[in-house]
Student: 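Next up is a structure, given as structure tokens.
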Amino acid sequence: AQKVTQAQTEISVVEKEDVTLDCVYETRDTTYYLFWYKQPPSGELVFLIRRNSFDEQNEISGRYSWNFQKSTSSFNFTITASQVVDSAVYFCALHAGNNRKLIWGLGTSLAVNP
Amino acid sequence: ETGVTQTPRHLVMGMTNKKSLKCEQHLGHNAMYWYKQSAKKPLELMFVYSLEERVENNSVPSRFSPECPNSSHLFLHLHTLQPEDSALYLCASSQGVWGAFEAFFGQGTRLTVV
């Protein structure tokens, strides 16, 4: 079975705090892809990152960083020095096998307060 | 215009009404999708089109009828809906139908069935 778990339903932080959003996945496939998308209040999901199962290097993009650990089946997302504009729902997703579907987590709603 | 555009942004309809949702993409993508987003549920993939041909229908009730007249436009025709169909309906496009392609989403249509 394939599954994505985002255990944190809601997180609230104060601006400039660092925050980590957790994502744990399940799959028996050896080749798979993991994604993070951001959904701001305007509604559209915005692609943030895709990582394939053969690349465990951590990724940094500005204030965003991702920690992929196959040993714990986790693909966590950290925002450093959070800003109010980071307030959104963040989704982790998994693609595995030869199909068209993404398996989505339920999302983590992040509120960054001034 | 660029990206994926959905109209209308909000729609309230009675259970006996017929309405249509429209999606347009200006990205030159070959694949288009309809998703349903309900509270506390994972994103649900409804339909997938590749080059105007429907390639996936995920057990969606017949009261939802998609149409893809060309690779840039996608419609979702609605008739005799139920209150439980109230949700955010998101359109997306990608380079191809393989699930690991980055998807670009519209802002969604917030549908309320009364």
Side-chain angles (χ1 to χ4, degrees), chain A residues 1-10 23-27 29-55 59 61 64 66 68 75 88-109, chain B residues 2-11 21 23-25 27 29-50 53-60 87-111:
Chain A
Q2 296 174 354
K3 187 178 178 183
V4 172
T5 302
Q6 294 180 258
Q8 304 148 308
T9 305
E10 294 180 1
C23 174
V24 174
Y25 63 93
E26 294 177 30
T27 180
D29 289 276
T30 55
T31 302
Y32 54 89
Y33 294 80
L34 295 161
F35 297 77
W36 276 95
Y37 280 84
K38 172 183 179 180
Q39 186 176 34
S42 52
E44 76 281 15
L45 277 84
V46 178
F47 169 85
L48 295 178
I49 190 171
R50 178 182 63 206
R51 173 65 76 213
N52 76 56
S53 53
F54 299 108
D55 183 1
E59 176 100 5
S61 177
Y64 294 173
W66 291 268
F68 177 28
F75 187 43
V89 181
Y90 290 86
F91 292 93
C92 181
L94 165 71
H95 177 266
N98 187 25
N99 63 72
R100 303 181 183 95
K101 283 188 186 179
L102 283 178
I103 307 300
W104 294 85
L106 291 178
T108 296
S109 178
Chain B
T2 58
V4 180
T5 304
Q6 289 186 243
T7 55
R9 293 292 310 279
H10 301 272
L11 178 62
L21 310 185
C23 176
E24 192 172 349
Q25 60 100 358
L27 300 167
H29 287 162
N30 293 325
M32 297 188 75
Y33 311 79
W34 280 116
Y35 280 90
K36 177 182 179 183
Q37 186 177 29
S38 306
K40 301 186 180 180
K41 289 186 178 180
L43 216 59
E44 298 174 51
L45 179 62
M46 300 174 72
F47 300 104
V48 181
Y49 275 82
S50 173
E53 178 185 349
R54 190 191 313 176
V55 295
E56 190 147 338
N57 173 350
N58 288 298
S59 304
V60 180
L88 181 67
Y89 288 85
L90 291 162
C91 174
S93 70
S94 65
Q95 185 179 347
V97 293
W98 183 48
F101 280 122
E102 171 187 351
F104 291 77
F105 286 80
Q107 292 182 316
T109 296
R110 174 67 64 186
L111 173 67

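Proteins get letters first, then strands, A, B, ... in listed order; numbering begins at 1 in each. No experiment lies behind these values; they were computed from the predicted model shown.
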Student: Counting heavy-atom pairs closer than 4.5 Å to chain A, which one of B:F104, B:W98, B:Y33, B:Y35 comes out on top?
Tutor: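 If we count pairs closer than 4.5 Å to chain A, B:W98 comes out on top.
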Student: Just checking B:Q95: does its CD atom have more than 12 heavy atoms from other residues, nucleotides or ligands closer to it than 6.0 angstrom?
Tutor: no
Student: For the atom pair CG (A:L102) and NE2 (A:H95), what is the distance rounded to the nearest 0.5 Å?
Tutor: 6.5 Å
Student: B:L88 versus chain A, heavy atoms under 4.5 Å apart: side chain, backbone, both or neither?
Tutor: side chain
Student: Of the backbone (N, CA, C, O) and the side chain (C-beta and beyond), which part of B:R110 lies under 4.5 Å from a heavy atom of chain A, both, or neither?
Tutor: neither
Student: Heavy-atom distance under 4.5 Å to chain A: side chain of B:A31, backbone, both or neither?
Tutor: neither
Student: Give, for atom CD of A:E44 and atom CG of B:L90, the distance between the pair rounded to the nearest 0.5 Å.
Tutor: 9.5 Å
Student: With respect to chain A, which residue among B:G108, B:A103, B:A100 yields the maximal number of heavy-atom pairs within a distance under 4.5 Å?
Tutor: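 When all of B:G108, B:A103, B:A100 are compared, B:A100 has the most.
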Student: Hey, mind stepping through B:E56 and A:K101 against side-chain contact (heavy atoms from CB on, under 4.5 Å) and telling me if it holds?
Tutor: CA-CA 10 Å; B:E56 190 147 338; A:K101 283 188 186 179; 3.5 Å; yes
Student: Looking at A:Y33, A:F91, A:F47, which makes the most heavy-atom pairs under 4.5 Å with chain B?
Tutor: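 Maximum pair count with chain B is reached by A:F47.
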Student: Can you say whether B:Q37 sits under 4.5 Å from chain A via the side chain, the backbone, both, or neither, judging by heavy atoms?
Tutor: side chain
Student: Which distance, rounded to the nearest 0.5 Å, do you find between the OH of A:Y37 and the CD1 of A:I49?
Tutor: 12.0 Å
Student: If you count heavy-atom pairs under 4.5 Å with chain B, which of A:L45, A:L106, A:L94 comes out on top?
Tutor: A:L45
Student: Indicate the ring-plane relationship of A:F68 and A:F75, choosing parallel, tilted or perpendicular according to the 30° and 60° boundaries.
Tutor: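 Taking A:F75 first and then A:F68, their aromatic rings stand perpendicular (interplane angle over 60°).
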Student: Below 4.5 Å from any heavy atom of chain A, which atoms of B:V48 appear? Answer side chain, backbone, both or neither.
Tutor: side chain
Student: Calculate, to the nearest 0.5 Å, the distance between atoms CZ and CD belonging to B:F105 and B:Q25 respectively.
Tutor: 13.5 Å
Student: Of the backbone (N, CA, C, O) and the side chain (C-beta and beyond), which part of A:F35 lies under 4.5 Å from a heavy atom of chain B, both, or neither?
Tutor: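 When you check distances to chain B, only side chain atoms of A:F35 fall under 4.5 Å.
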